[in-house]
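Values in this document were obtained by computation on a predicted structure and should not be read as measured data. For ligands, and for the atoms within them, numbers begin at 1 and follow the listed sequence.
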Amino acid sequence: MSNAIKYEKIGDIAVLTAQNPPVNALGVDVRKGLLAGIQQAEDDGAKAVLIYGDGRTYFAGADIREFGKPMLDPGLPDLCNRIEASPLIVVSSMHGTALGGGLEVALSSHYRIAVPSAKMGLPEVHLGILPGAGGTQRLPRVAGTESALDMITSGRPIKAADALAKGIIDRVTEGEPREIGLAYAQELLDAGAARRAVGDMPAPEAIDFDARYETLLKKGRGQLSPATAMRAVQAACEADSFEAGIKRERELFMELMNSDQRLGMVHAFFSERAVSKLPELKGVTPRALADIGVIGGGTMGAGIATAALLSGLTVTMLEMTDEAAAAAKGRILGNLQGAVKRGKISADLFETLTNQALTLATDYTSLANADLVVEAVFEEMSVKKIVFTQLDEVCKPGAILATNTSYLDVNEIAACTKRPEDVIGLHFFSPAHVMKLLEVVVADKTSIDVVATGFALGKMLNKISVRAGVCDGFIGNRILSTYRACADHMIMDGASPYQIDKALTGFGFAMGPFAVADLAGLDIGWASRKRLAPTRDARERVPSFPDKLCEDGHFGQKTGKGYYVYEAGKRGGTPNPDVPALIEANRAELEITPRDFTDAEITRRYMCAMVNEAAKVVGEGIAQRPLDVDMTLLFGYGFPRYRGGPLKWADIEGLDGILADIMTYAKEDDYFWQPAPLLQQLVAEGRTFDDLNRENS
Ligand code: CAA
């Protein structure tokens, strides 16, 4: 017996206890232990077997760290078949999260019981694979085709009560998983209950699978796993036998297991967890956070205040006038009402948050007790300096002074206070109560416990926090400026904004760069171009067509017109018919003869620009690891999760090919396409960005 599974015999019941913390993942030792345990139970003359997990959960799935390595026996599908085939009555008792291979082990058991707080699901599609140990065959047999498809293709776990209603489990009982499991197994033995194998149940009903396949592919923006998982469920309905269905599931599983999308999604899974685990923060205690101040109640400030309130913090919102404060309150209340509508908070909690946890103020002295203040005022250095000078005067010693600037120099902001060690950038993304990304921008003098507190705040607010250094645009907006410039260059040379947006949504981006610009507001880029104009290198290609749109008062969605025209009440926009003429005028002015671009060339150039700038950001230490860039793009910029992030994508594509393309593009424009030294170094040494992740985590 392996150490990961403890075996005991209590009366007629053999008890198999999983002991593989933290989440009882079904690694090879656990699989060996379960297989041996079933055999020993049969050899010992037991009449029933109870399977449950020690610690916080039943099995939370296969061990993801084994993916991509040679499969070690016994494999999970064989183990599940062996459990199901046992002549003894096998009972699984679930608590915590019975996910993936975990739920598949439970479905191979003959009876299933769970505590009310247990959750169960088949989240494999989020790892780029499908349930590969009979889940796609057994779940539809117990829950019906539609319920099973919903769980398998969404990957969403459900609660025990829901699982009971769907027939996935037999009973929900309060108590310890061991005690309730033992009592249930004994009850079944006393009642003379029969062994009950899901594999023996009739095949579930078929639906129109071809139509559903197309819908799933479209919804996933090219993500293959949900649609492929659906084909496995189709086999459960249509194959000649349960065994034939299992065989088809295995083929489809292996197809996905060997795909680039699986590499991308597993990278995203581990990077999401690694991103806030910085070696420099080990053992550093963050400062206490209870009272938060927010300065500026526009969309961004109100979103930050909402996020803070929702995570149990007390918020003082500072505005300049009573009218502005009332408007800020209206925005925050609107956000919180949205949370009530979506069932995220109760009406009672809404009352408490708005009446007790939120204070509106117009005087800086009201921030005297705040543990941390975030300023979200106008993006202008002189305004930021006035705010920080005032904060320095009123805030208590040890309070953290944070700026939500998107581009400005946090060192310069810190220098106008007498406590630069307490100053940090906390760059939220709008709407701040919805978007998952938080860039924690560390200035030269920021003390390490202030950095730790930035990450602690991110965790409280349920954000993915990424450490960034100071430069124009930090990690995300700096890379965005570069790939957006690449898109502008392609437009000047002959592509259209609409072809570019289409090519990039085809790559898997949630939106193309021009639809994004319309959403964010074209005035933001305009202000940034004007700010950078005085120091701009003469060799830089800067188009005039985006400025022309702004000069005409078109700022995108908020004015109803930008690259697209937006009609009230309609989702999305239609191409703005005035834009082609602006572009043509720009080309004529620069004497450019336009040429055709294929979608593949557009995507390749755009991605090369993104990867090259990302490599510079890592090489300069603005991001500490490639995975920090990947998570920034994934959680703040709509990068397709199934590609893992730009630098994971680059590793998969091959760094040498990307560098070669950059060198080719540099023949047209050697100012823009200066290859990143880090990229050149990695290619020369035959290493990858993932090697850097491993070395620096
Ligand atoms: N394999 C390996 N490691 C795992 C793991 C798994 N299935 N699930 C979690 N871990 C690790 C995490 O990486 C983390 O490690 P570190 O502490 O070193 O960072 C640790 O366990 C704790 O995980 P979390 O920090 O995520 O803890 P949590 O309490 O927030 O969440 C959880 C727990 C809900 C189980 C979450 O970890 C999770 O969703 N895990 C993945 C579950 C999953 O996808 N299972 C399906 C696997 S695929 C499968 O089973 C294929 C098949 O059909 C054959």
For [atom], what is the nearest protein heavy atom, given as residue, atom name and distance?
atom	result
atom 2 (C) of ligand 1	D63 OD1, 3.2 Å
atom 38 (C) of ligand 1	R273 NH2, 4.0 Å
atom 39 (O) of ligand 1	L99 CD1, 4.0 Å

4.0 Å heavy-atom contact, [X] with ligand 1:
X	value
T57	no
G135	no
R56	yes

Quiz item: Which one of V23, I64, N20, T136 has a non-hydrogen atom at the shortest distance from atom 9 (C) of ligand 1?
Solution: V23
Exercise. With atom 6 (C) of ligand 1 as the reference point, say which of A62, G132, G61, P21 has the nearest heavy atom.
Key: A62
Exercise. Rounded to the nearest 0.5 Å, what's the gap from OG1 on T632 to CD1 on I479? Could you check?
Key: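 Separation between the atoms: 7.0 Å.
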Is the count of non-hydrogen atoms from other residues, nucleotides or ligands lying under 6.0 Å from [X] atom [atom1] greater than 12?
X	atom1	answer
E176	CD	no
R273	CZ	yes
E205	CD	no

May I ask you to list the atoms of ligand 1 that are less than 4.0 angstrom from any heavy atom of [X]?
X	value
L127	44 (O), 47 (C), 48 (S)
K277	16 (P), 17 (O), 19 (O)
I129	51 (C)
P22	20 (C), 21 (O)
G100	46 (C), 50 (O)
P131	53 (O)
L76	54 (C)
T97	35 (C)

Practice problem: Kindly confirm or rule out an N or O of E124 lying under 3.5 angstrom from an N or O of ligand 1. | Solution: yes
Quiz item: Are any of the N or O atoms of L130 closer than 3.5 Å to those of ligand 1?
Solution: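 Min N/O separation from ligand 1 is not below 3.5 Å for L130.
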Exercise. Report yes if the distance between the aromatic ring centroids of Y52 and Y58 is under 6.0 Å, otherwise no.
Key: no
Any donor-acceptor pair under 3.5 Å linking the side chain of [X] with the backbone of [Y]?
X	Y	result
S154	R156	yes
R262	L256	no
D170	Y111	no
R250	A133	no

Quiz item: What pairs with P116 under side chain to side chain contact (heavy atoms under 4.5 Å, CB included), at least two apart in sequence or on another chain?
Solution: V172, E174
Quiz item: Taking C-beta and beyond as the side chain, do L437 and Y637 meet within less than 4.5 Å on heavy atoms?
Solution: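 Counting from C-beta outward, L437 and Y637 do come under 4.5 Å.
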Quiz prompt | Residue pair Q19 / N3, side-chain heavy-atom distance below 4.5 Å | solution =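 They are not in side-chain contact.
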Is [atom] near the protein, in the sense that some protein heavy atom lies at less than 4.0 Å from it?
atom	value
atom 30 (O) of ligand 1	no
atom 11 (C) of ligand 1	no
atom 26 (O) of ligand 1	yes

Quiz item: Looking just at side-chain N and O atoms, do S86 and E84 make a donor-acceptor pair shorter than 3.5 Å?
Solution: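 Note: S86 and E84 side chains miss the donor-acceptor criterion.
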Quiz item: Side chain, backbone, both or neither: which part of F59 has a heavy atom under 4.0 Å from ligand 1?
Solution: neither
Quiz item: Between A60 and ligand 1, which residue portion shows a heavy-atom distance shorter than 4.0 Å: side chain, backbone, both, or neither?
Solution: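 For A60, backbone and side-chain atoms both sit under 4.0 Å from ligand 1.
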Practice problem: Taking only Lys NZ, Arg NE, NH1 and NH2, and the carboxylate oxygens of Asp or Glu, determine whether R467 and E439 approach each other closer than 4.0 Å. | Solution: no
